[in-house]
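First up is the structure itself, then whatever we jot down about it.
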Amino acid sequence: MNRQTTASTCCYCGVGCGVLIEHDGERILGVSGDPTHPANFGKLCSKGSSLHLTGDLTARALYPELRLGKDLARSRTDWDTALEHAANVFADTITEHGPDSVAFYISGQLLTEDYYSFNKLARALVGTNNIDSNSRLCMSSAVVGYKRSLGADAPPCSYEDLESSDCVLIVGSNMAYAHPVLFRRLEEAKALRPQMKVIVVDPRRTDTCDLADLHLAILPGTDVALFHGILHLLLWEDWIDRDFIQAHTEGLAELKKLVHDYTPQMVSQLCGINVEQLRQCAQWIGTSPSFLSLWCMGLNQSTAGSAKNSALINLHLATGTLGRPGCGPFSLTGQPNAMGGRETGSLSNLLPGHREAANPEHRAEVAAYWGVEQLPANTGLTAIELFEQMRAGKIKALWIACTNPAQSLPDQNTVRQALAACPFVVLQEAFRTTETAAFADLLLPAASWGEKEGSVTNSERRISHVRRAIVPPGEARPDWAITVDFAQRLERRLRPGKPGLFAFEQPAQIFDEYKQLTRGRDLDLSGISHALLDRIGPQQWPFPDNAKAGTTRLYTDGVFPTRNGRARFIADPYRAAKEQRDARFPLTLITGRLRDQWHGMSRTGTAAQLFGHVSEALLGLHPDELRRHRFKEGDLVSLKSRRGNVIVAVTSDDSVRPGQAFLPMHWGDRFLKGGVNALTQPAFDPLSKQPELKHSGVRLEAVQLPWQLFALIEGDVQQHFEALRPLCEGFAYVSLSLAGRERPALLIRAAHGEAPDLQVLQRIDQLLGLNDGPVMAYDDPRRSIGKRVKVEKGRITAIRLAGETLARHWLQSLWLEGRTDEQLRRWLLAPLSAPPGNAAGTASNKTLCNCKNVSESAVCAGITRGLDLNGLKQELGCGTQCGSCVPEIKRLLASSPQPIAISL
Ligand SMILES: Nc1nc2c(c(=O)[nH]1)N[C@H]1C(S)=C(S)[C@@H](COP(=O)(O)OP(=O)(O)OC[C@H]3O[C@@H](n4cnc5c(=O)[nH]c(N)nc54)[C@H](O)[C@@H]3O)O[C@H]1N2
Ligand SMILES: Nc1nc2c(c(=O)[nH]1)N[C@H]1C(S)=C(S)[C@@H](COP(=O)(O)OP(=O)(O)OC[C@H]3O[C@@H](n4cnc5c(=O)[nH]c(N)nc54)[C@H](O)[C@@H]3O)O[C@H]1N2
Ligand code: SF4
Ligand SMILES: [Mo]
């Protein structure tokens with residue numbers, strides 16, 4: 001076997017870590033951190049280091065598939081037929097209904113070259129601004145924040161600022177989970193300089209709080225009030241930088257008038273924190289020599305997202321903490337190339353090179369460069385508006401690439417109606433398993449991580465060359481190649497005889513064309529090429545022609561890219577989140593990320609070990625809230641919002657306050673019937689149009705679902721998933737997950753008001769292989785209770801419990817340990833369903849450390865034996881590789897009674 005290594009980047013978060021892909025040209029065999037990459041210096045988190053375990057080929061889209069009617073199934077076709085058909089439909093639609101009757105919905109996970117091709121296709125060839133990206137759900141408030149306050153969409157900082165800062169404010173970001181390698185860097189910096197102050201502002205007590213000297217658990221949505229309250233104190237105490245304000249800013253007078261009213265008392269009440277905490281926070285921000293802020297979705301995903309961003313930047317302007325080491329407002333980008341999307345202008349209101357679609361001069365510049373007469377002046381639809389218009393029948397053809405809107409957009413009932421109503425939906429996807437795939441008339445298989453080449457920009461403006469390691473599987477093709485091929489075919493129909501706009505054969509050519517559109521602009525990267533990146537490594541823009549190196553920090557001279565060179569204080573008043581708690585919906589639902597899962601889980605959901613940390617969809621409620629509702633751990637409840645409802649199991653979670661509930665964003669309809677976003681709201685920020693995914697008003701209702709099902713089956717997980725999931729459609733509650741490591745298994749939990757038809761159960765048994773062979777079974781048809789366990793070579797390989805499922809944890813642990821014993825036989829043959837002895841209710845043991853496969857119970861046992869963090873690391877190995885579990889181990893250490901030292 002010819003083992004090789006290719007240096008590339010991780011395809012998950014915006015930290016943009018360098019990875020070394022080990023492969024044989026056809027298969028990826030392993031990954032490790034690239035020690036030379038300046039984003040991570042060799043480190044990877046639990047997601048990055050398990051990349052080679054994900055991407056199960058059986059879940060991949062391998063061939064183009066087409067259907068010619070909504071009521072038909074898609075069938076395999078070839079690329080030529082697929083793209084000719086798409087070009088005909090798009091051309092006919094544009095001719096008949098105009099260019100704005102079609103739209104493109106793309107993604108922050110595309111490469112810069114993919115983005116640029118799509119953008120040129122939509123604006124120059126089709127002639128529409130209906131091209132928006134999932135970054136609308138993610139970064140668009142940060143884009144507006146930077147532009148309004150500083151004049152350009154440019155994060156001014158570098159990762160090294162995390163190391164040199166004296167005061168770091170982490171607000172609306174759970175870095176420990178969402179940007180883990182950067183969080184490791186901060187942990188190390190604080191260990192070296194414990195005097196560094198870390199403040200975390202988050203309604204929940206997350207793992208990120210583990211590093212905090214101060215945690216402000218503000219009420220959801222109250223950030224603007226908090227920032228204004230801090231500024232009020234900064235002004236009052238004179239903790240401001242008058243020289244900086246005088247020389248480099250404008251607008252403080254107006255803002256001063258506004259924040260005058262944000263007294264500590266009022267702010268502490270609005271935010272639900274105490275005045276001392278507020279004062280402490282303001283003091284550290286105002287008196288530390290350097291101040292850095294890091295933020296993410298807790299600020300952006302809000303109906304006040306733009307105001308939150310600017311109110312935070314106000315604090316930097318007031319204290320002059322910008323443009324120097326350890327300082328600045330640093331927006332953490334979510335997706336690996338959210339930045340590239342912004343740079344290439346891939347939001348409906350933007351154009352390449354940080355230009356505006358609404359600006360006639362900008363349009364003329366880009367049109368001239370592209371060699372077309374003009375670019376469209378009509379306002380393009382943003383994501384939420386796009387799906388609303390689609391539902392109303394205005395969008396006749398939609399092209400989706402690298403995003404899963406039937407999982408990730410809010411108000412899924414509307415979104416799914418829109419997708420169903422759209423006459424022609426094209427989906428360019430790497431995995432054929434997503435929720436959106438069900439709506440696709442044409443499915444185009446895309447090459448994915450490790451299989452395609454191009455470039456990405458990470459949170460610190462650093463561009464990396466993404467290299468291909470292996471050939472794409474089946475007939476999958478790189479995104480840019482699909483887009484360019486389609487564009488060439490559409491060109492023949494829409495611009496016959498005119499010179500081609502898409503003569504690209506290599507991604508490097510696309511990059512070279514694109515970069516000229518950045519020349520002379522704030523992000524000037526005209527000096528960068530794929531070849532240069534290969535020579536001198538990843539670089540931070542701006543990097544103009546002839547530059548020797550990239551730019552570490554922006555605005556070091558205090559000159560901002562505004563009309564008069566001054567940064568602007570923005571005086572937006574605090575506005576509460578849209579859905580406040582009320583009598584009908586007394587809880588606020590907060591959504592966010594888990595440590596080991598990525599979004600809709602098309603990739604991470606194929607690796608059983610990534611379910612070890614959190615194994616199923618659980619709604620977190622404060623213990624008091626559980627008690628008030630008279631729910632027990634694990635009870636199924638109906639969670640209702642104004643838009644939809646989902647049945648989900650509850651768990652006790654004291655990291656949220658009473659009155660709040662937390663549900664991870666990852667569970668779409670595939671893994672949890674209905675999916676999280678059936679509940680969330682489409683209301684958006686007036687400027688950024690970013691929806692308020694973080695907060696929705698909800699209520700809990702008890703449900704009577706006495707008939708329960710539990711099934712476990714080893715083997716081809718994907719095949720079982722596809723066969724079994726549709727059979728569960730009729731049940732009120734369905735939750736699927738994976739478990740195990742060496743022998744992965746699919747797990748299903750379902751519940752319903754009454755027992756289903758016998759045939760449904762028989763079908764399920766048949767698929768589980770439980771109708772014949774070495775199966776132990778007990779059925780009590782009178783009580784609709786049945787248990788079946790398949791034992792092969794002394795090991796359990798399949799389980800099905802119907803009626804009730806009290807023994808599921810016990811059976812699952814027998815399966816995991818590869819154990820069968822006399823107890824199992826006796827239990828199986830008895831009418832009793834509860835597990836024997838004290839095994840009752842044993843919860844599944846969660847994996848804390850994914851890299852070293854160390855369970856929570858092993859860590860707890862170690863703590864009881866008196867081990868400290870180092871002892872645990874040495875003895876169990878946990879936390880020694882990626883470090884993602886360290887905050888949690890520390891929390892366990894802190895919460896367990898310390899062994900009493902007895903001195904004699
Ligand atoms: N493991 C993992 N990592 C990821 C991703 C993933 O799917 N999985 N996705 C990537 C992407 S695209 C993104 S955008 C980032 C997201 O990264 P983050 O934004 O850090 O992650 P979230 O968990 O969505 O939200 C962060 C926190 O905001 C808090 N919050 C909610 N409401 C408010 C509020 O009103 N104010 C404040 N101050 N805080 C609030 C939540 O409690 C939550 O802890 O993660 C990236 N990294
Ligand atoms: N409730 C709630 N909802 C949220 C959020 C939240 O915090 N709460 N966060 C929002 C945010 S910040 C984001 S960024 C979105 C993310 O939402 P989505 O964009 O829907 O998330 P993904 O599941 O990452 O979708 C990317 C898709 O691209 C596919 N893919 C992977 N690689 C490739 C490739 O190379 N080419 C192509 N063509 N396809 C590929 C994957 O299989 C996957 O289906 O979710 C948003 N939705
Ligand atoms: S922090 Fe983790 S998920 Fe993010 S880029 Fe690095 S390895 Fe990938
Ligand atoms: Mo995101």
Side-chain angles (χ1 to χ4, degrees), residues 9-17 19 33 39-40 43-49 51 61 107-111 114 134-135 137-139 171-175 177-184 201-204 206 208 216 218-223 226 295-302 308 332-336 338 401-410 427-431 433-434 436-437 444-449 451-452 458 478-479 482 577 590-604 656 662-666 668 676-677 679-680 691 693-696 882 884:
T9 59
C10 173
C11 64
Y12 295 126
C13 84
V15 178
C17 296
V19 298
N40 58 318
K43 288 200 172 64
L44 293 178
C45 74
S46 50
K47 292 181 300 302
S49 57
L51 265 168
S107 163
Q109 293 168 67
L110 289 170
L111 307 181
D114 306 331
N134 62 0
S135 288
L137 315 179
C138 184
M139 302 313 304
V171 48
S173 144
N174 184 9
M175 280 181 87
Y177 281 11
H179 298 89
V181 167
L182 216 51
F183 190 67
R184 295 284 91 73
V201 180
D202 193 309
R204 301 187 303 133
T206 61
T208 303
L216 301 181
I218 60 165
L219 292 170
T222 59
D223 304 78
L226 175 73
W295 75 96
C296 208
M297 291 309 116
L299 296 200
N300 294 353
Q301 287 172 346
S302 157
K308 286 186 180 188
L332 299 176
T333 53
Q335 299 174 87
C402 201
T403 176
N404 182 13
Q407 193 275 333
S408 53
L409 280 169
L427 176 64
Q428 190 168 315
E429 241 296 342
F431 292 80
T433 49
T434 69
T436 307
L444 300 175
S448 184
W449 172 79
E451 304 158 359
K452 54 191 275 194
N458 73 2
D479 288 289
I482 302 173
I590 301 175
T591 62
R593 273 128 186 105
L594 294 173
R595 195 189 75 185
D596 295 346
Q597 295 293 355
W598 179 261
H599 298 166
M601 311 198 295
S602 60
R603 178 180 279 280
T604 49
V656 294
F662 179 73
L663 191 57
M665 56 113 20
H666 307 287
V676 177
N677 281 321
L679 305 163
T680 49
L693 286 159
K694 281 279 170 278
H695 319 126
S696 308
C882 82
S884 298

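Counting convention: from 1, in listed order, for ligands and their atoms alike.
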Looking at L594, is its backbone amide N or carbonyl O close enough to the side chain of H666 to form a donor-acceptor pair, meaning the two atoms are under 3.5 Å apart?
yes
Using a 3.5 Å distance criterion without hydrogens, assess whether the side chain of E451 forms a donor-acceptor pair with backbone atoms of P478.
no
Nitrogen or oxygen atoms of [X] and ligand 1 under 3.5 Å apart:
X: D596; result: no
X: H179; result: no
X: L219; result: no
X: T222; result: no

Checking contacts here: is it the side chain or the backbone of T208 that comes within 4.0 Å of ligand 1, counting heavy atoms only? Could be both or neither.
neither
Can you tell me how far [atom2] of [Y] sits from [atom1] of [X], rounded to the nearest 0.5 angstrom?
X: M297; Y: L332; atom1: CE; atom2: CG; result: 9.0 Å
X: T434; Y: M601; atom1: OG1; atom2: CE; result: 12.5 Å
X: H599; Y: C138; atom1: NE2; atom2: SG; result: 6.5 Å
X: Q428; Y: D114; atom1: CD; atom2: CG; result: 8.0 Å

Do L693 and N677 have side-chain heavy atoms sitting under 4.5 Å apart?
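Yes; the side chains approach each other to less than 4.5 Å.
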Residue pair Y177 / T208, side-chain heavy-atom distance below 4.5 Å:
no
Which atoms form the tightest heavy-atom contact between [X] and [Y], and what is the distance?
X: F662; Y: T591; result: CE1-C, 3.6 Å
X: L137; Y: S408; result: CD1-O, 3.8 Å
X: T604; Y: Q597; result: OG1-OE1, 2.7 Å
X: S46; Y: C882; result: N-SG, 3.4 Å

Who passes side chain to side chain contact (heavy atoms under 4.5 Å, CB included) against P336, sequence neighbours left out?
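Here the qualifying residues are Q109, W598.
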At a 4.0 Å threshold, what atoms of ligand 1 neighbour a non-hydrogen atom of [X]?
X: R595; value: 1 (N)
X: T206; value: 44 (O)
X: V171; value: 38 (N)
X: G221; value: 34 (C), 35 (O)
X: S173; value: 20 (O), 26 (C)
X: Y177; value: 1 (N), 2 (C), 3 (N)
X: P220; value: 35 (O)

Could I get the full list of ring-ring contact (aromatic ring centres under 6.0 Å, His included) partners for W449, not counting sequence neighbours?
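Checked W449 against ring-ring contact (aromatic ring centres under 6.0 Å, His included); zero matches.
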Metal site atom 4 (Fe) of ligand 3, protein N/O/S atoms found under 2.8 Å:
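Number of qualifying protein atoms: 1.
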Give the residues near ligand 2 by chain and number, with the criterion being a heavy-atom distance under 4.0 Å.
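Within the 4.0 Å shell of ligand 2, which is judged on heavy atoms, sit Q109, N134, L137, C138, M297, Q301, Q335, C402, T403, N404, S408, Q428, E429, A430, F431, T434, A446, A447, S448, K452, D479, T591, R593, W598, H599, G600, S602, M665, N677, T680, L693, K694.
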I'd like to know whether NZ of K47 has more than 12 heavy-atom contacts from other residues, nucleotides or ligands below 6.0 angstrom.
yes
